[in-house]
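Worksheet for the structure shown next.
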Amino acid sequence: MSIYVGNLSYQVTEDDLKQAFAEYGTVNRVQLPTDRETGRPRGFAFVEMESDTQEQAAIDALDGAEWMGRDLKVNKAKPREERSNSSGGSWGGGNNARRNNNNRY
């Protein structure tokens, strides 16, 4: 499992996060997503630690803590939801939409 870390400063680096979370155990991995267009961090990250006990210690200590001028939001990361390729909606609007459009004139 991993930890979600939100409300991060846009200046934060992976090394900053590793150092902050290393106080609570061994950090196995840090993911700091960046914006595709600007390349800057998106304001959240995921941190994986060696054990659930270490993760919980970090969550307990850092959730709501002020760090780099921001109040952190730290909790267990939720599994990523599958995205559907279909929109599920209708582009045409059906007969009623056409009938309503005709009534406007």
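Each residue takes its place number in the sequence, starting with 1. All values reported here derive from a predicted model rather than from experimental measurement.
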Closest heavy-atom pair and its distance - [X], [Y]:
{"X": "Ile3", "Y": "Met49", "value": "CD1-SD, 3.9 Å"}
{"X": "Glu55", "Y": "Lys76", "value": "OE1-NZ, 2.9 Å"}
{"X": "Ala45", "Y": "Pro33", "value": "CA-CD, 4.1 Å"}
{"X": "Pro41", "Y": "Val12", "value": "CG-O, 4.0 Å"}

_Within the 4.5 Å heavy-atom criterion, are Val5 and Phe21 side-chain neighbours or not?_
yes

Output a table of donor-acceptor pairs, distance under 3.5 Å, between side-chain atoms of residues 56-68 and any protein atom two or more places apart or on a different chain; print 'none' if there are none.
| from | atom 1 | to | atom 2 | distance (Å) |
| --- | --- | --- | --- | --- |
| Gln56 | NE2 | Asp60 | OD1 | 2.8 |
| Asp63 | OD1 | Val74 | N | 3.0 |
| Glu66 | OE2 | Gly69 | N | 2.8 |

| said: Would you say Leu72 ends up clustered with Val47 if hydrophobic residues are merged whenever their side chains have heavy atoms under 4.5 Å apart, either directly or through other cluster members? | reply: yes

* Asked: Side chain of Asp35, backbone of Arg40: donor and acceptor closer than 3.5 Å?
  -> no

- Query: Any donor-acceptor pair under 3.5 Å linking the side chain of Gln54 with the backbone of Thr26?
  - Reply: yes

Spacing of [X] atom [atom1] and [Y] atom [atom2] [to the nearest 0.5 Å]:
{"X": "Phe44", "Y": "Asn7", "atom1": "CZ", "atom2": "CG", "result": "12.5 Å"}
{"X": "Tyr10", "Y": "Arg70", "atom1": "OH", "atom2": "CZ", "result": "6.0 Å"}
{"X": "Asp71", "Y": "Lys73", "atom1": "CG", "atom2": "NZ", "result": "11.5 Å"}
{"X": "Thr13", "Y": "Lys18", "atom1": "OG1", "atom2": "NZ", "result": "9.0 Å"}

Q.
Run the side chain to side chain contact (heavy atoms under 4.5 Å, CB included) test on Asp16 and Leu8 for me, step by step, so that the C-alpha distance in whole Å, both residues' side-chain angles and the decisive distance to 0.1 Å come before the verdict.
A. CA-CA 11 Å; Asp16 293 333; Leu8 289 171; over 6 Å; no

